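Presented below is the structure to which this report refers.
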Amino acid sequence: MESNIIPDSIRPQRLQPGIGFGSGPTGTLRSSSLRPGVTVPVAPLLPSPASLAASSGPPPPPPPLQLHSLYGGVGAGLGQGAGGHCNPGNPAVLKEAVEAVVRSFAKHTQGYGRVNVVEALQEFWQMKLTRGADLRNGALVVYEMVPSNSPPYVCYVSLPGGSCFGSFQFCPTKAEARRSAAKIALMNSVFNEHPSRRITDDFIEKSVNEALASFNGNREEADNPNTGIGAFRFMLESNKGKSMLEFQELMTVFQLLHWNGSLKAMRERQCSRQEVLAHYSHRALDDDMRTQMAADWVNREQSVAGTIAQELASTERELEDARLAGRELRFYKEKKDILMLAVGQLSAANAATLPSH
């Protein structure tokens with residue numbers, strides 16, 4: 001029988017995101033303060049109950065699942081636009097929806113006329129901060145341009161909570177790419193304020209019931225935190241009152257742990273699901289966690305050459321598809337950044353072993 005209590009002297013060693021190959025050299029993931037982030041009213045990404053149960057297999061894991069595809073109709077409970085606005089096969093609908101939200105926001109905050117969407121997005125988050133929103137790092141919205149000497153230009157925007165969105169249109173100029181990213185981020189920010197985006201008792205009950213139906217589970221599973229669906233319920237109840245944007249920020253950590261194989265490794269170290277959930281529910285995604293995950297990929301590359309290149313190519317395709325669909329991007333962006341960090345670690349390790357002349 002698993003114990004729910006871990007001595008403090010053991011916990012830090014067992015509850016590590018790395019699989020156990022060593023943490024590798026320390027360092028920062030990015031050379032600047034630009035950090036991609038997390039929001040998700042339009043298309044939330046959640047790990048499956050299996051991943052929350054810490055039973056995922058080693059990489060390459062299955063791709064992340066959309067909430068509405070994972071739990072049947074749960075996506076419908078997230079408010080209108082949970083799926084349709086993000087259809088990559090219908091960019092015209094996405095563009096029209098984004099423009100409509102921007103115009104509506106401008107009408108209610110700035111009056112009629114052309115809106116500076118970059119300023120509007122910043123003002124929106126500044127307004128949230130002044131009204132008491134818990135923004136630990138302030139209200140600054142951060143933009144990151146993808147280096148390029150010719151169009152189309154691509155820009156990512158990170159919201160104060162960590163959510164990340166990107167330009168979703170063909171942008172002939174850097175300024176247009178910045179505006180495009182700001183538009184999709186503003187739409188998601190506005191949608192996230194709707195009461196339907198809050199995690200309530202009714203939302204939890206509906207989500208759990210649909211998860212049970214999708215996975216042919218029984219009621220006992222939902223009430224047992226040792227099961228995947230029980231862990232899902234535990235996470236929802238622990239975040240009652242929060243918005244879907246805030247919940248997604250937490251879920252991104254578990255998605256990355258699942259993708260990296262860390263949940264499986266912690267399970268093999270006899271960590272109970274409750275321990276893992278309790279520990280990482282209060283753990284922010286930081287450079288130490290990224291560095292440890294990158295070190296795991298370095299070890300995989302040293303075991304099987306080409307592993308990182310293959311995973312990076314797949315991740316870049318996912319990121320591109322999600323960006324053009326107007327979806328929240330942090331999971332994909334973090335994966336890419338971790339893999340690029342692994343490439344840097346690998347290059348540094350190889351350079352250190354070269355004979356000196």
Side-chain angles (χ1 to χ4, degrees), residues 2 4 6 10-27 29 36 38 45-65 70 162 225-228 230-232 234-235 238 247-304 307-308 310-312 314-315 318 330-346:
E2 288 183 327
N4 292 339
I6 300 180
I10 300 177
R11 187 182 302 273
Q13 286 75 36
R14 294 170 64 208
L15 290 174
Q16 290 294 326
I19 284 187
F21 297 122
S23 60
T26 59
L29 179 60
V38 193
L45 293 169
L46 297 182
S48 66
S51 69
L52 286 176
S55 59
S56 59
L65 301 177
L70 178 59
N226 285 317
T227 67
F232 175 62
F234 172 82
M235 293 301 297
S238 299
F247 186 58
Q248 173 60 28
E249 292 163 7
L250 171 63
M251 287 294 96
T252 298
V253 174
F254 287 98
Q255 283 181 279
L256 289 169
L257 291 171
H258 173 46
W259 164 72
N260 192 57
S262 304
L263 291 180
K264 180 177 183 293
M266 284 183 277
R267 179 65 175 168
E268 291 171 350
R269 297 186 195 120
Q270 304 302 310
C271 294
S272 72
R273 295 178 181 89
Q274 299 98 309
E275 292 164 351
V276 174
L277 290 172
H279 181 80
Y280 284 102
S281 293
H282 305 284
R283 174 77 185 273
L285 185 60
D286 56 22
D287 285 340
D288 287 342
M289 191 182 298
R290 296 182 185 99
T291 300
Q292 290 170 358
M293 290 187 185
D296 292 337
W297 285 96
V298 168
N299 282 276
R300 295 184 185 111
E301 177 69 23
Q302 292 172 339
S303 298
V304 181
T307 298
I308 292 179
Q310 180 179 356
E311 186 68 18
L312 185 58
S314 174
T315 297
E318 292 175 345
R330 189 180 189 189
F331 174 59
Y332 309 106
K333 192 77 164 56
E334 291 285 357
K335 282 204 301 181
K336 180 179 179 180
D337 288 338
I338 289 168
L339 292 169
M340 293 304 297
L341 181 59
V343 171
Q345 290 182 2
L346 193 62

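It should be emphasised that the depicted structure is a prediction, and the values quoted were computed from it without experimental measurement.
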- CD-OH distance between Q255 and Y332, expressed to the nearest 0.5 angstrom: 7.5 Å
- Message: Under a plain distance cut-off of 3.5 Å, with no hydrogens placed, do Q248 and T252 share a side-chain donor-acceptor pair?
- Response: yes
- Task: Please say which of V276, L257, L256 ends up in a side-chain contact (heavy atoms from CB on, under 4.5 Å) with S262.
- Result: L257
- Any idea which heavy atoms bring R283 and D286 closest together, and the distance? NH2-OD1, 3.6 Å
- Correct closest heavy-atom pair for F254 and L263 would be O-CD1, 4.1 Å
- Q292 side chain to M289 main-chain N or O, any donor-acceptor pair under 3.5 Å? no
- Item | Point-to-point distance, once rounded to the nearest 0.5 Å, from CD of Q302 to CG of L346 | 6.0 Å
- Query: Closest heavy-atom contact between V298 and A342?
  - Reply: CG2-O, 3.4 Å
- Item | Evaluation steps, side-chain contact (heavy atoms from CB on, under 4.5 Å), between M235 and F247 | CA-CA 9 Å; M235 293 301 297; F247 186 58; 4.2 Å; yes
- Query: Which is it for E334 and W259 under the side-chain hydrogen bond (donor to acceptor under 3.5 Å, both in side chains) test, yes or no, and what are the steps along the way?
  - Reply: CA-CA 11 Å; E334 291 285 357; W259 164 72; over 6 Å; no
- Note on the structure: CG (N260) and CZ (R290) are apart, to the nearest 0.5 Å, by 13.0 Å
- Note on the structure: Looking only at heavy atoms, the pair that brings L339 and I308 closest together is O-CG2, 4.1 Å
- Message: Nearest 0.5 angstrom please: K264 NZ to R269 CZ, how far?
- Response: 11.0 Å
- What distance separates C271 SG from L277 CG, expressed to the nearest 0.5 Å? 11.5 Å
- Note on the structure: Rounding to 0.5 Å, atoms CE (M340) and CD1 (I338) come to a distance of 13.0 Å
- Query: Does a salt bridge link K336 with E318, judged by any charged N lying under 4.0 Å from a carboxylate O?
  - Reply: no
- Note on the structure: For L250 and S281 the tightest heavy-atom approach is CD1-CA, 3.5 Å
- Query: Closest approach of W297 and E311, non-hydrogen atoms and distance?
  - Reply: CH2-CG, 3.7 Å
